[in-house]
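Every chain is numbered from 1 and lettered A, B, ... according to where its sequence line falls, protein lines coming before strand lines.
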2 protein chains.
Amino acid sequence: MVSSPLDVLVRKLESIGPLSKDEQKAIYALPLSIRSVPEHQDVVHDGDRPTQSCVVLEGFLCRYKQLPDGTRQIHSIHVPGDMPDLQSLHLNVMDHGLATLTASKVAFIPHAALRKLMSEQPRVSDALWRDILVDAAIFREWIVNVGAREAYARLAHLLCELFLKLRAVGLSQDFTFQLPITQAELADATGLSTVHVNRSVMHLRSAGLITWERGECKIENWDELKRVAMFDPTYLHLNGEAKAA
Amino acid sequence: MVSSPLDVLVRKLESIGPLSKDEQKAIYALPLSIRSVPEHQDVVHDGDRPTQSCVVLEGFLCRYKQLPDGTRQIHSIHVPGDMPDLQSLHLNVMDHGLATLTASKVAFIPHAALRKLMSEQPRVSDALWRDILVDAAIFREWIVNVGAREAYARLAHLLCELFLKLRAVGLSQDFTFQLPITQAELADATGLSTVHVNRSVMHLRSAGLITWERGECKIENWDELKRVAMFDPTYLHLNGEAKAA
DNA sequence: CGATCCTTTGAGCGAACTCAACTCGGGTGG
DNA sequence: CCACCCGAGTTGAGTTCGCTCAAAGGATCG
């Protein structure tokens, strides 16, 4: 059993659909440049024209836009295994920023190597495309989240999603996962104020749905959390085994 | 000059990047089944497993989700030239519905024919992928819209986007375009109540930014509308000529 | 020429916001 | 080793944006 920095990427892709040993090997053979990035720092800037795409190896990243009036809206949170700027392969210019939420380790892969891989390994290509499409499905659900759910349910939904994403790559046991981000960042992700995020988190705690201390979050009542979140995991398009709760 | 029902699709794809005559011919050669759909009717249901994808030829469609509590959130509005369920090519199950907002004409293309086209015409394949990626970019902007903009700016932004999308396929002259949808539908798209949409629309009118009568909308002050909307068209990834305002 | 759907307006309410202060824990330097 | 400092979390009070409920005008169409 080989161990590669890209194991987590393979696990992620396999959470959507299986890959053969050969296909996995082709992924492991990708040329990488690995970089450690401190917290709260841009990995890719809005307006950049990247020539490589990145894979999250460790830590949490987010994609965001900053409006002229100063508000920042986070529109996705990325965990190990994600490729948050894969779209730069086809869209030349970044229409948003990509930043670390926590100190992270990120692998960069030149576009040329990715294109070569995708043309030589059509099933890997399919897997990457599916990944992008699931990403888009998550965006859709986030529109629903910020547009249609009240604060309490909105927070609950975000936690449901993060939990399943992390578990799919083996980063959660017993309904427990690392959540080393601030409430202000949750606020930017949910379109709420920090104060109101705090009140909603307190409410989730007092309702016995979660605990969250020192960056570790535990879901204490998964069924009830899903219910108040109106959470339907279909949009994550996880395969069977990953889906079973 | 041939005229094909898919002209509008070619125009749409060319608004993102050019296509050769051969590539256009390959698109025109796609097998179609064209269907007229009355207003307010599902074209594809949530949970479906489509074996074909569709192209909007005439009318307005939307993608939406319905929550258990009854609220409907629209997460995209589609105009002629759009392929609103292209993702079903790679994601088997629909995680949302696709419905007409107005009486529409829709062309269905079997997945098999699309796959064949995409394998034989790599540049058409690229164009379709770019289309999907622009779609995802629009989702991201909608997250920002419902999450970070106040009602007035939110409506303004939606109008800016619709205008540019319609103009890109030749469906707008002189800042005028058909907008035959109800305020209740705008409410579902913006995460606002109908009443508040109405007040915001009235405000846009009284500020001299738009007129909107009998399904026809005219932008009276494009610069100011863009400004109040905090509208930056980068995310639409339109090519140069289409971008020029 | 009702019937119906959409828009418009009024009034009161409530969820979420802002501003501000206080707490707590961890880090840092004197 | 302790004082302090800073960022994050927490809590209170007042405000506001957007919501609900309700009803009155248009438009459109059998």
For the [atom1] atom of [X] and the [atom2] atom of [Y], what is their distance to the nearest 0.5 Å?
X	Y	atom1	atom2	result
Asp174(A)	Ile219(A)	CG	CD1	12.0 Å
Leu179(A)	Ile210(A)	CG	CD1	8.0 Å
Leu101(A)	Leu186(A)	CG	CG	9.0 Å
His157(B)	Lys226(B)	NE2	NZ	11.5 Å
Ser76(A)	Ile143(B)	OG	CD1	7.0 Å

Provide the full list of salt bridge (Lys or Arg N to Asp or Glu O under 4.0 Å) pairs with a residue in [range], sequence neighbours left out, each pair given once.
range	answer
residues 71-85 of chain A	Lys12(A)-Asp82(A), Arg72(A)-Asp188(A), Asp82(A)-Lys165(A)
residues 48-59 of chain A	Glu58(A)-Lys105(A)
residues 141-161 of chain B	Lys65(A)-Glu141(B), Glu141(B)-Arg149(B)
residues 205-215 of chain A	none

Separation of atom [atom1] in [X] from atom [atom2] in [N], rounded to whole Å:
X	N	atom1	atom2	result
Arg149(B)	dA16(C)	CZ	P	21 Å
Leu186(A)	dA8(D)	CG	P	13 Å
His203(B)	dC17(D)	NE2	C1'	14 Å
Leu101(A)	dA8(D)	CG	P	12 Å
Glu213(A)	dG26(C)	CD	P	12 Å
Glu185(B)	dT7(C)	CD	C1'	14 Å
Leu192(B)	dC17(D)	CG	C1'	10 Å
Leu155(A)	dA16(C)	CG	P	10 Å

How is Thr182(B) classified with respect to the nucleic acid when contacts are heavy atoms under 4.0 Å: base, sugar-phosphate, or nothing?
-> sugar-phosphate

Give Gly215(A) one of three labels, base, sugar-phosphate or nothing, depending on what nucleic acid heavy atoms sit under 4.0 Å from its own.
-> nothing

Shorter than 3.5 Å, N or O on both sides, protein versus nucleotides 10-13 of chain D: list them out with atom names.
unit_1: dT10(D); atom_1: OP1; unit_2: Arg205(A); atom_2: NH1; d: 3.0
unit_1: dT10(D); atom_1: OP2; unit_2: Gln183(A); atom_2: NE2; d: 2.9
unit_1: dT10(D); atom_1: OP2; unit_2: Asn198(A); atom_2: ND2; d: 2.5
unit_1: dT10(D); atom_1: OP2; unit_2: Arg205(A); atom_2: NH1; d: 3.4
unit_1: dT10(D); atom_1: O5'; unit_2: Asn198(A); atom_2: ND2; d: 3.4
unit_1: dG12(D); atom_1: N7; unit_2: Arg199(A); atom_2: NH2; d: 3.2
unit_1: dG12(D); atom_1: O6; unit_2: Arg199(A); atom_2: NH2; d: 3.3
unit_1: dA13(D); atom_1: N6; unit_2: Arg199(A); atom_2: NH2; d: 3.2

Mind checking what makes ring-ring contact (aromatic ring centres under 6.0 Å, His included) contact with [X], not counting sequence neighbours?
X	result
His45(B)	none
His78(A)	none
Tyr152(B)	His203(B)

Report, as a single string ordered 5' to 3', how protein heavy atoms within less than 4.0 Å touch nucleotides 23-29 of chain D: B base, S sugar-phosphate only, - not at all.
-> -----S-

Is there a donor-acceptor contact under 3.5 Å from the side chain of Arg63(A) to the main chain of Pro84(A)?
->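 Yes, because the side chain of Arg63(A) sits within donor-acceptor range (under 3.5 Å) of the backbone of Pro84(A).
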
In numerical order, the residues of residues 60-79 of chain A whose heavy atoms come under 4.0 Å of DNA chain C are none

Return the 5'-most residue of the pair Trp212(B), Glu150(A) with respect to DNA chain C, ranking by each residue's nearest nucleotide.
->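 It is Trp212(B), whose closest nucleotide lies nearer the 5' terminus.
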
Measure the angle between the two terminal helix axes of the helix from dC1(C)-dG30(D) to dG30(C)-dC1(D), five base pairs each, and quote it to 10°.
->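 Between the first-five-pair axis and the last-five-pair axis there is 30°.
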
For Thr102(B), which residues count as a side-chain contact (heavy atoms from CB on, under 4.5 Å) partner, sequence neighbours excluded?
-> Phe60(B), Ser104(B), Pro180(B), Ile181(B)

